[in-house]
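Heads up, the thing below is written out as structure tokens.
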Amino acid sequence: MSRVYNFSAGPSALPEAVLAQARDELIEWRDSGMSVMEMSHRGKFFSVIAEELESDLRSLMAIPGNYKVLFLQGGATAQFSMIPQNLLRDKTKACYVNTGAWSEKAIKDARNYCGVTVSASSEEAKYTTIPDYAGWQIDAEAAYLHYTSNETIHGVEFSDVPDSKGLTLVSDMSSNILSRPVDVSRFGLIYAGTQKNMGPAGVTVVIVRDDLIGYAPKTTPEVFNYAVQAKNGSMLNTPATYNWYLVGLVLKWLKAQGGVAAIEQRNIAKSKRLYDAIDRSGLYHNPVDLPFRSRMNVPFILNDESLDKAFLAAAEANGLYELKGHRSVGGMRASIYNAMPEAGVAALCEFMAEFERTH
Ligand SMILES: *Cc1c(COP(=O)(O)O)cnc(C)c1O
């Protein structure tokens with residue numbers, strides 16, 4: 001077996017220990033006599049998996065008791081519509097901060113449901129920065145303020161929680177959830193697809209404060225209604241059972257690593273090592289303003305674009321995969337989520353230096 005270092009932005013590398021455990025339990029889970037894939041989602045075995053999943057996430061993120069935790073389908077993309085449907089209540093406006101490609105998509109869908117005030121935008125700066133909080137246009141009549149805590153494509157990350165000036169704060173944390181501690185009580189709603197930092201694709205975590213739900217209009221389909229899903233333990237319809245199980249294994253792995261505060265230290269060290277290598281070099285550069293550089297997704301552009309193909313081919317020959325940047329940004333992107341070992345980042349930095357030396 002020869003597993004490579006996989007820098008994919010998502011679906012992305014999983015801890016090898018998680019894959020090994022899933023392999024060992026594939027045919028029979030604990031003493032159930034069956035595979036997790038074969039279990040009734042309402043049976044006694046799966047209910048243990050579901051309970052452990054929720055309680056592990058609650059303890060890892062210190063989620064207060066007045067928040068519901070939902071495990072839904074449709075990806076973060078479904079939330080772009082579900083959030084306005086559920087959280088507008090009697091209001092007709094919402095505020096969105098535009099810091100990159102994922103913010104743009106959230107804004108586009110929200111416009112189908114309400115008036116959108118773009119409170120701040122870094123579009124003119126080609127999404128390489130985050131506008132100073134002091135200049136944000138916050139409409140006191142809006143139902144909530146939405147922002148994307150880490151822009152997966154542009155490699156831009158908020159280093160703290162912005163001041164929403166009293167508005168309910170909503171955040172798309174798809175690509176940096178569980179990578180650093182967050183104070184959940186600052187938020188009305190946090191959501192994340194699992195395929196970046198929590199497991200395989202197919203589950204979307206929604207953490208929502210109790211008092212915000214129950215106000216969706218009657219036209220909202222029941223599966224898209226947070227209150228209905230909360231009442232049914234996210235099992236209004238058949239959930240993605242095997243994916244819940246795999247996310248649960250990733251959470252147990254993260255606990256064994258020392259939890260979110262411990263993994264944050266490793267994420268700081270890994271990203272610093274890679275940015276230092278980029279900044280030291282004469283061949284690569286990263287366009288993002290220093291305070292907003294993402295610890296999770298690190299884009300880097302080769303000063304000579306004609307070397308891109310050779311770089312990718314040589315990287316693969318060295319066991320470093322999925323480094324091609326998103327087409328909208330160009331160049332390269334290394335996604336270094338929780339599951340990327342320090343040795344993977346070290347191998348990438350070494351390869352980059354060697355490629356520069358020989359080109
Ligand atoms: C990947 C991603 C999404 C979209 O996730 P899907 O599962 O494809 O719907 C949304 N927001 C962010 C920040 C992402 O990284």
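Both ligands and their constituent atoms are indexed starting at 1 by order of listing.
For the ligand labelled ligand 1, residue N150 lies inside the 4.0 Å heavy-atom shell. Look at S174 and you'll find a heavy atom under 4.0 Å from some atom of ligand 1. Contact annotation: E151 has no heavy atom less than 4.0 Å from any atom of ligand 1.
Salt bridge annotation for K272-D279: absent, with no cationic side-chain nitrogen under 4.0 angstrom from a carboxylate oxygen. A salt bridge links K252 with E52: the closest approach of a Lys/Arg side-chain nitrogen to an acidic carboxylate oxygen falls below 4.0 angstrom. Ion pairing between R58 and E54 holds under the 4.0 Å rule for side-chain N and carboxylate O.
Applying the ring pair (Phe, Tyr, Trp, His ring centres under 6.0 Å) rule to Y191 yields the partners H146; only residues at least two apart in sequence or on another chain are considered.
For the pair K196 and W102, the cation sits on the ring face: its NZ or CZ lies under 6.0 Å from the ring centre, inside 45° of the axis.
At a heavy-atom cutoff of 4.0 Å, ligand 1 is contacted by no atom of K105, backbone or side chain.
Between the CD1 atom in I301 and the NE2 atom in H285 there is a gap of 5.0 Å [rounded to 0.5 Å].
Of the N or O atoms in T148, none lie within a sub-3.5 Å distance of an N or O in ligand 1. In terms of N/O distances under 3.5 Å, ligand 1 is not approached by G75.
Using a 4.0 Å cut-off to heavy atoms of T152, the atoms of ligand 1 that qualify are 12 (C), 13 (C), 14 (C), 15 (O). Near Q195, the atoms of ligand 1 lying under 4.0 angstrom from a non-hydrogen atom of the residue are 5 (O), 6 (P), 7 (O), 8 (O).
Here the side chain of E157 pairs a donor or acceptor atom with the backbone of R295 at under 3.5 angstrom.
Nearest to atom 9 (O) of ligand 1 among the protein's heavy atoms is T77 OG1, 2.5 Å. With respect to atom 2 (C) of ligand 1, the closest heavy atom belonging to the protein is K196 NZ, 2.6 Å. Looking only at protein heavy atoms, the nearest one to atom 11 (N) of ligand 1 is D172 OD2, 2.6 Å.
Tested against L169, the residues I190, L189, L145, D163 include a single side-chain contact (heavy atoms from CB on, under 4.5 Å) partner, L145.
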